[in-house]
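Below is one structure; the comments refer to it alone.
As the structure is a prediction and not an experimental result, all values here were calculated from the model.
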Amino acid sequence: MTKSNRVLSVALALATILWLPGTSAQEESESLSFEFSLDNASKYVWRGIEVNDEQVLQPSATIGYGGLSLNVWANYDMTDAGLRGDDQISEVDYTLAYSHEFEKVAVDAGVIAYVFPGAQGANTNEVFVGFSLIDTLLNPSLTVFYDFTEADGFYATFGIGHSYALTDDGNLTLDLGASIGAGDSEYNEYYFGEDKDAFSDVNVSAGLAYQITENLSAGLSLHYAEIVDSDLTDGSSDSIWTVFSVGVSF
């Protein structure tokens, strides 16, 4: 598929979601919301790729209105293991998204801008569309991303997850999740140097979350990630990562 055809396909998918009957922003709950979170992670791993092997801080801020939301997320390298070799904000991501629920199915779509202050020429952009089943066993989800700037390729992830209440009031929960990701040949060529369609990464996570007040929560989580196709790691054994993080959300 040519680049122009791929862009057209993704654009049509986004347009279909945004124009489906009953999905206009006016019909969503017209309320303004704000959310801020801050996580301290033992390392930064993204889609099976180890970006930073030492501690990072990752703040996130979201403003939402109806089904629309704008999120700004950043990665701050706390040691000299970042892109420049000094303490810095090494990445800032901007996500504009629209979401809506259709009875048992939740749909979301949007665009992500990845900005890397310390790496010239590395900035890129993705569009995405995702579907998830709600109020059902394991809440399966599928999200497809298309990088239309640098990689010119597709990445898809399929995930499952469930949350268990550990206390009668529901304030303490155990959240479990698992996912598998796959990239097409263009995506894998850009990120791994391997020109092939392949499953790229598997992820398993477990976390505890506690609702301190109505608007404030805290949590800790353990995340396991592994690159599953040996061709993508060029035979290296360094393809398994374990990440521990703690955070708060307001």
Side-chain angles (χ1 to χ4, degrees), residues 10 13-14 17 20 35 37 39 41-51 58 60 62 67 69 71 73 93 95 97-110 112 126-147 153-167 170-184 187-188 191-192 197-211 217-230 232-233 239-247 249:
V10 175
L14 295 177
I17 292 171
L20 279 172
E35 181 178 353
S37 64
D39 294 311
S42 59
K43 61 178 60 180
Y44 175 22
V45 176
W46 179 78
R47 296 180 184 173
I49 301 170
E50 186 183 56
V51 182
Q58 296 175 334
S60 175
T62 303
S69 65
N71 171 265
W73 178 95
D93 300 343
T95 302
Y98 177 79
S99 61
H100 187 78
E101 293 185 2
F102 302 88
E103 296 183 355
K104 294 291 186 179
V105 179
V107 182
D108 63 297
I112 309 172
E126 289 181 336
V127 290
F128 68 90
V129 57
F131 305 87
S132 60
L133 299 181
I134 54 179
D135 298 328
T136 188
L137 180 64
L138 299 180
N139 301 311
S141 65
L142 174 66
T143 306
V144 179
F145 302 84
Y146 174 63
D147 185 318
F154 284 94
Y155 173 85
T157 179
F158 174 78
I160 56 175
H162 195 77
S163 181
Y164 300 89
L166 300 181
T167 57
N171 287 338
L172 180 63
T173 60
L174 171 65
D175 304 311
L176 303 176
S179 67
I180 183 167
D184 66 4
Y187 177 91
N188 289 330
Y191 284 104
F192 299 101
D197 300 334
F199 286 103
S200 54
D201 58 300
V202 293
N203 302 268
V204 179
S205 64
L208 290 172
Y210 183 70
Q211 195 71 31
S217 63
L220 54 87
S221 65
L222 184 64
H223 183 93
Y224 169 90
E226 179 180 356
I227 298 176
V228 293
D229 193 308
S230 60
L232 303 184
T233 63
S239 60
I240 301 175
W241 323 110
T242 302
V243 182
F244 177 76
S245 66
V246 296
S249 177

**Report entry** Qualifying residues under ring-ring contact (aromatic ring centres under 6.0 Å, His included), relative to Tyr187, sequence neighbours excluded
**Finding:** Tyr155, Tyr191
Requested in this report: Using salt bridge (Lys or Arg N to Asp or Glu O under 4.0 Å) as the criterion, list what pairs up with Glu50, not counting sequence neighbours.
Outcome: Lys43
Requested in this report: Working to the nearest 0.5 Å, report the span between OH of Tyr44 and CD1 of Ile49.
Outcome: 9.5 Å
Requested in this report: Go through the structure and list residues passing side-chain hydrogen bond (donor to acceptor under 3.5 Å, both in side chains) with Thr62, not counting sequence neighbours.
Outcome: Asn71
Report summary line: Separation between CG (Leu208) and CG (Leu220), nearest 0.5 Å, reads 5.0 Å
Query - Validation row: Val45, His223 side chains within 4.5 angstrom (heavy atoms) - result: no
Query raised in the report: Measuring from Ile180:CD1 to Thr157:OG1, what's the distance to the nearest 0.5 Å?
Result: 8.5 Å
Query raised in the report: Are the side chains of Val204 and Val202 in touch, meaning some heavy atoms are under 4.5 Å apart?
Result: no
Query - Beyond-backbone contact of Val107 with His100, side-chain heavy atoms, under 4.5 angstrom - result: no
Query raised in the report: Side chains of Val144 and Phe154: does their closest heavy-atom pair fall under 4.5 Å?
Result: yes
Report task. Tell me, please, which residues at least two apart from Trp241 pass ring-ring contact (aromatic ring centres under 6.0 Å, His included). Result -> none
Report task. Just grab all the side-chain hydrogen bond (donor to acceptor under 3.5 Å, both in side chains) pairs involving residues 126-143, residues at least two apart or on different chains. Result -> Arg47-Glu126, Tyr114-Glu126
Query raised in the report: For Asp108 and Ser99, which heavy atoms make the closest approach, and how far apart are they?
Result: CB-CB, 3.8 Å
Requested in this report: Check ring-ring contact (aromatic ring centres under 6.0 Å, His included) between Phe192 and all other residues, then give those that pass, not counting sequence neighbours.
Outcome: none
**Report entry** Whether over 12 other heavy atoms sit under 6.0 Å from Phe199 CZ
**Finding:** no
Query raised in the report: Excluding sequence neighbours, so at least two apart, what forms side chain to side chain contact (heavy atoms under 4.5 Å, CB included) with Ser245?
Result: Ala41, Ser221
Query raised in the report: Listed by chain and number, what are the side-chain hydrogen bond (donor to acceptor under 3.5 Å, both in side chains) partners of Asp93, not counting sequence neighbours?
Result: none
Query raised in the report: Does Ala209 have any side chain to side chain contact (heavy atoms under 4.5 Å, CB included) partners at least two apart in sequence or in another chain, and if so, which?
Result: Thr173, Asp175
**Report entry** Least distance between heavy atoms, Gly153 atom then Asp184 atom
**Finding:** CA-OD1, 3.5 Å
Query - Residue list, side chain to side chain contact (heavy atoms under 4.5 Å, CB included) with Ser217, at least two apart or on another chain - result: Gln211, Ser249
Report summary line: Taken in chain and number order and not counting sequence neighbours, the residues that satisfy side chain to side chain contact (heavy atoms under 4.5 Å, CB included) with Leu172 are Leu166, Thr167, Tyr210
Report task. Give the minimum heavy-atom separation between Ser239 and Thr233, together with the two atoms involved. Result -> CB-CG2, 3.5 Å
Query raised in the report: Can you tell me how far OG of Ser200 sits from CG of Asp229, rounded to the nearest 0.5 angstrom?
Result: 9.0 Å
**Report entry** Shortest non-hydrogen contact between Gly183 and Asn188, atoms and distance
**Finding:** O-ND2, 3.0 Å
Query raised in the report: Once you round to the nearest 0.5 Å, how far does CD of Glu103 lie from CG of Leu133?
Result: 12.5 Å
Report summary line: Between the OG atom in Ser205 and the CG atom in Leu222, the distance rounded to the nearest 0.5 Å is 9.0 Å
Query raised in the report: With Asp39, which residues qualify under salt bridge (Lys or Arg N to Asp or Glu O under 4.0 Å), at least two apart?
Result: none
